[in-house]
2 protein chains.
Amino acid sequence: MIPNDAVRARRPRMSRAEREQQMLDVAEEVFAERGYGAVSMEEIAERVGLSKPMLYEYFGSKEGLLLGVVRRARGELREVTERAVGAGGTPEEMLRRGYVAYFRFNEAHRRAWLVLLQEPVLLRSAAEEIEAIRRQQSEMMVELLAAHLPDRPRRALEAYAESIIGACERMALWRARTPEVTPEEAATHLMNLTWTGLATLNRPAVAD
Amino acid sequence: MIPNDAVRARRPRMSRAEREQQMLDVAEEVFAERGYGAVSMEEIAERVGLSKPMLYEYFGSKEGLLLGVVRRARGELREVTERAVGAGGTPEEMLRRGYVAYFRFNEAHRRAWLVLLQEPVLLRSAAEEIEAIRRQQSEMMVELLAAHLPDRPRRALEAYAESIIGACERMALWRARTPEVTPEEAATHLMNLTWTGLATLNRPAVAD
DNA sequence: GTAGTAAGTTACCAAGAGTAGGTTACCGAC
DNA sequence: GTCGGTAACCTACTCTTGGTAACTTACTAC
């Protein structure tokens, strides 16, 4: 039988790289909107305009697809914050710029960020992979702190770094519910807490 | 046919309340160990010594069961921290005791805490429920801060509260990977970061 | 123009979430 | 003591969905 060219023409063949990105786009959107558990591979395939086995061809499993989404998003975020921090200046300036960059990122890439923040924890089987990404985040922060606090034990710096990252994440979640708070304001709050410290905060000099 | 009494005797009937607790115990253990996605309702039922429909009778769905586990754990945690903070003293003391209580809790109730921290995010459909619990946590912290910082805008206090809670969570995760850090040490790190502040930290007086 | 490969398909399986409808044990009332 | 009524509990199913095997179609280099 002769294939229906009119129909075939609607599904242009793409290179693997292109398709992958397209799949990640769709998956990111739909995971962020309704959550990993509520979305079927069938549906994602349909939205991409392909059949299910192609998703498995490229990502191996549903978790693999999610991991792809998370990895890409995490990479982008990392790039943004590293550029912000790497621009130099005093530790205070670097920290502040890092905060601002983080909050701007999750404002601009809301969907990516939602997936990034909310989903990785359910990936038991991909835990090591995720762990590696986290460690990277944390190491960057430790370096930043080490420049300012050269005499502190490494262990303490790690603790600060982890705490700060946790604070950022939760602050971002809060900002999602309180959209009138700008990235700069959020950064100021975080600076007041982590840099100035609550003890010194009741001096009227510090504004937020 | 006459039922096999020997077999029946192994499955004593229990009151609803008792069974519920037992089911929550099993679910908590197994979710914490292998993750929500990797555990089937069939298996949980089997471990409890009942058949699947009983789980559905009591919890409605798999998510409902998870929610039950989370709610119970969160309640216990809340009790513990509220008692610690409620004992009074200076804001600094209260904050510190709160931190210590939190880290002690997740040391003593490792399984409960793992579920608590790692799973709720995947519950899209139960999001409001979870949100309510979170708000409670955050409100308690806001009250604590308000006593110390009466002149700050509410909005700022909320931001601090959210950040602090996020810092606690992530710190707890870090502690799970670094078990030699005691609850008291973790609390000290957090105090140094949030109370003292990084700016003042390079004075040699503060130890951690 | 044909061989090889990479993109894409249909049609299936297996596992597990959730349910309909029935059975067994307990408990209070007469 | 037996007889309803209820609450705990079961067997046996359905249906969705993650995952795969085996095939077909189109592009690309020689």
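Within every chain, numbering begins at 1; the chains are lettered A, B, ... in the order of the sequence lines, protein sequences first and strands thereafter.
Taking atom CG of residue A:Leu66 and atom P of nucleotide D:dG18, one finds them 13 Å apart after rounding to whole Å. Nucleotide D:dC9 holds its C1' atom 13 Å from the CD atom of B:Gln22, rounded to whole Å. What separates CZ of B:Arg13 from C1' of C:dC27 is a distance of 12 Å, to the nearest Å. For the pair B:Glu18 CD and D:dC9 P, the interatomic distance rounds to 10 Å; values are reported in whole Å. Note: CD (B:Glu57) to C1' (D:dT6) measures 12 Å, nearest angstrom. Rounding to whole angstrom units, CD of residue A:Glu46 and P of D:dT17 are separated by 12 Å. If you take CZ of B:Arg16 and C1' of D:dA7, they are 10 Å apart, rounded to a whole angstrom.
Distances shorter than 4.0 Å separate none of the side-chain N or O atoms of B:Arg19 from OP1 or OP2 on D:dA7.
Remark: A:Glu139 engages no residue in a salt bridge (charged side-chain N to carboxylate O under 4.0 Å, His left out) (not counting sequence neighbours). In this view, B:Trp174 satisfies the ring-ring contact (aromatic ring centres under 6.0 Å, His included) rule with no residue, not counting sequence neighbours. Looking at residues two or more places apart in sequence or on another chain, you find no salt bridge (charged side-chain N to carboxylate O under 4.0 Å, His left out) involving A:Arg97. B:Glu93 pairs by the salt bridge (charged side-chain N to carboxylate O under 4.0 Å, His left out) definition with nothing, not counting sequence neighbours.
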Give every pair of a protein N or O atom and an N or O atom of nucleotides 16-20 of chain C that lie under 3.5 Å apart, one pair per line with the distance.
from, atom 1, to, atom 2, distance (Å)
C:dA17, OP1, B:Lys62, NZ, 3.0
C:dA17, OP2, B:Met41, N, 2.8
C:dA17, N7, B:Lys52, NZ, 3.3
C:dG18, OP2, B:Tyr56, OH, 3.3
C:dG18, OP2, B:Lys62, N, 2.9
C:dG18, N7, B:Lys52, NZ, 2.8
C:dG18, O6, B:Lys52, NZ, 2.7

N/O donor-acceptor pairs under 3.5 Å from side chains in residues 164-171 of chain A, not counting sequence neighbours:
from, atom 1, to, atom 2, distance (Å)
A:Glu169, OE2, B:Arg170, NH1, 3.3
A:Arg170, NE, B:Glu162, OE1, 2.8
A:Arg170, NH1, B:Glu169, OE2, 3.3
A:Arg170, NH2, B:Glu162, OE1, 3.4

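Nearest heavy atom pair, residue A:Glu180 against residue A:Glu185, reads O-OE1, 3.9 Å.
Heavy atoms of B:Tyr58 sit under 4.0 angstrom from primed sugar atoms or phosphate atoms, though from no base atom.
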